[in-house]
**Student:** 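What follows is a single structure, and I will ask about it in a moment.
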Amino acid sequence: MADLQVLEYNVGDIGTNCYFLVNTSTKETIIVDPGGDAPMLQRHIAEQGLKPVGIFLTHAHYDHAHHAKILKDAYQIPVYVHEAERETLADVQINASAMFGQPETYEADVFLKDGQKFSLAGFDILTLHTPGHTPGGACYYFEDNKILVSGDSLFCGSIGRTDFPGGSMSSLVRSLREKVLVLPRDTEVLPGHMMRTTIGRECEYNPFL
């Protein structure tokens, strides 16, 4: 099992958690939700000798995807997203970029399916489709490391907003109960905003679930 180091950076207009998931042996790095501040992220990559191999989008809202293309082009690496997020990528109203006064569309290279397992940077990863915040919202579970990247699907003591275009409270709650809360209770959860948590803590204390 490859050792995984989590590096966290607060980026963008509303404080999105961008994560670097680093294989400590090879320095291969997965970048999660680069919603802004690409120059700062690139500086940290250079200073630590990291080797980016891919960009994961938990969903395609502006505050998570805004600087994905800058990093994709800088390192010539693919962008991964769930296949149901195609419309969000392409629509400035659904991806909320128009709301922030910067209407833009986004691109992805690898479209994942629910339950799809794949390997990257020496890690085995499971894709969990958790629609509700957006139609193609997804979590990424690093099985051997017991780490879940939850984006805006699951927060510490809360869940993502469902009043955006394509949102659904019932879909989000159902997918979290059926796919996420069944993970090992000591799984660390890396949310798109605010503090980290664990599956056990959310099973016990999350009032939405």
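Bear in mind the structure is a predicted one, so any value in this text is a computation, not a measurement.
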**Student:** If I compare all heavy atoms of Val11 with all of Met40, which pair ends up nearest, and what's the gap?
**Tutor:** CG1-CE, 3.9 Å
**Student:** Go through the side-chain N and O atoms of Asn95 and Thr88 and say whether any donor and acceptor fall under 3.5 Å apart.
**Tutor:** no
**Student:** Rounded to the nearest 0.5 Å, how far does CZ of Arg43 lie from CG of Asp37?
**Tutor:** 9.5 Å
**Student:** In a check of ring pair (Phe, Tyr, Trp, His ring centres under 6.0 Å) between Phe123 and each of Phe142, Tyr141, Phe56, which one passes?
**Tutor:** Phe142
**Student:** Salt bridge between Glu204 and Arg185, side-chain N to carboxylate O under 4.0 Å?
**Tutor:** yes
**Student:** Going by atom types alone, do Asp33 and Thr58 pair a side-chain donor with an acceptor below 3.5 Å?
**Tutor:** yes
**Student:** Minimum heavy-atom separation for Asn23 to Ala2, with atom names?
**Tutor:** ND2-CB, 3.5 Å
**Student:** His59 and His82: side-chain donor and acceptor closer than 3.5 Å?
**Tutor:** no
**Student:** Is there a path of hydrophobic side-chain contacts, each under 4.5 Å between heavy atoms of I/L/V/M/F/W/Y residues, joining Val53 to Ile45?
**Tutor:** no
**Student:** If hydrophobic clusters are built from ILVMFWY residues whose side chains come within less than 4.5 Å, do Val92 and Phe100 share one?
**Tutor:** no
**Student:** Looking at Ile147, Ile30, Leu112, which one forms a side chain to side chain contact (heavy atoms under 4.5 Å, CB included) with Tyr140?
**Tutor:** Leu112
**Student:** Please lay out, stage by stage, how Ser175 and Thr130 fare under the test side-chain hydrogen bond (donor to acceptor under 3.5 Å, both in side chains).
**Tutor:** CA-CA 5 Å; Ser175 62; Thr130 51; 5.0 Å; no
**Student:** Looking at residues at least two apart in the chain, or sitting in another chain, which of them share a side chain to side chain donor-acceptor pair (under 3.5 Å) with Gln102?
**Tutor:** Tyr62
**Student:** Please state whether the rings of His64 and His193 are parallel, tilted or perpendicular, taking 30° and 60° as the class boundaries.
**Tutor:** perpendicular
**Student:** Please check if any side-chain donor atom of Glu104 sits under 3.5 Å from a side-chain acceptor atom of His66, or the reverse.
**Tutor:** yes
**Student:** Out of curiosity, Arg196 CZ to Cys156 SG, how far, rounded to the nearest 0.5 Å?
**Tutor:** 12.5 Å
**Student:** Is it true that Asp186 and Lys146 make a salt bridge, defined as a side-chain N closer than 4.0 Å to a carboxylate O?
**Tutor:** yes
**Student:** Specify the closest pair of heavy atoms between Ala98 and Gln93, including all atoms of both residues, with the distance to one decimal.
**Tutor:** CB-NE2, 3.7 Å
**Student:** Please confirm whether Phe164 and His133 have ring centers closer than 6.0 angstrom.
**Tutor:** yes
**Student:** Is the backbone of Tyr106 close enough, under 3.5 Å, to the side chain of Lys69 for a donor and an acceptor to pair up by distance?
**Tutor:** no
**Student:** Determine, stepwise, if the pair Glu28 / Lys51 fulfils salt bridge (Lys or Arg N to Asp or Glu O under 4.0 Å).
**Tutor:** CA-CA 5 Å; Glu28 290 180 303; Lys51 302 173 183 177; over 6 Å; no
**Student:** For residues Pro34 and Leu41, report the shortest heavy-atom separation together with the two atoms involved.
**Tutor:** CB-CD1, 4.1 Å
**Student:** Gln116 and Thr127: side-chain hydrogen bond (donor to acceptor under 3.5 Å, both in side chains), yes or no, with the steps?
**Tutor:** CA-CA 5 Å; Gln116 181 173 343; Thr127 308; 5.5 Å; no
**Student:** Please evaluate residues Lys117 and Glu143 with respect to the criterion salt bridge (Lys or Arg N to Asp or Glu O under 4.0 Å), reporting the C-alpha separation (whole Å), side-chain torsions for both, the decisive distance (0.1 Å), and the verdict.
**Tutor:** CA-CA 10 Å; Lys117 295 184 178 182; Glu143 298 180 274; 3.8 Å; yes
**Student:** Ignoring hydrogens and geometry, is there a side-chain-to-backbone donor-acceptor pair from Asn17 to Pro191 under 3.5 Å?
**Tutor:** yes
**Student:** Does one hydrophobic cluster hold both Leu21 and Ile125, with members joined at side-chain heavy-atom distances below 4.5 Å?
**Tutor:** yes
**Student:** Going hydrophobic residue to hydrophobic residue with side-chain gaps under 4.5 angstrom, can you get from Val6 over to Leu57?
**Tutor:** no
**Student:** Same cluster for Tyr80 and Ile77 if Ile/Leu/Val/Met/Phe/Trp/Tyr side chains link at under 4.5 Å?
**Tutor:** no
**Student:** Considering residues, nucleotides and ligands other than Phe118, do more than 12 of their heavy atoms fall under 6.0 Å from its CZ?
**Tutor:** yes
**Student:** Atom SG in Cys139, atom CG in Leu190: separation rounded to 0.5 Å?
**Tutor:** 10.5 Å
**Student:** Roughly how far, to the nearest 0.5 Å, is the CG atom of Leu148 from the OG atom of Ser153?
**Tutor:** 9.0 Å
**Student:** Closest approach of Pro165 and Pro135, non-hydrogen atoms and distance?
**Tutor:** O-CD, 4.4 Å
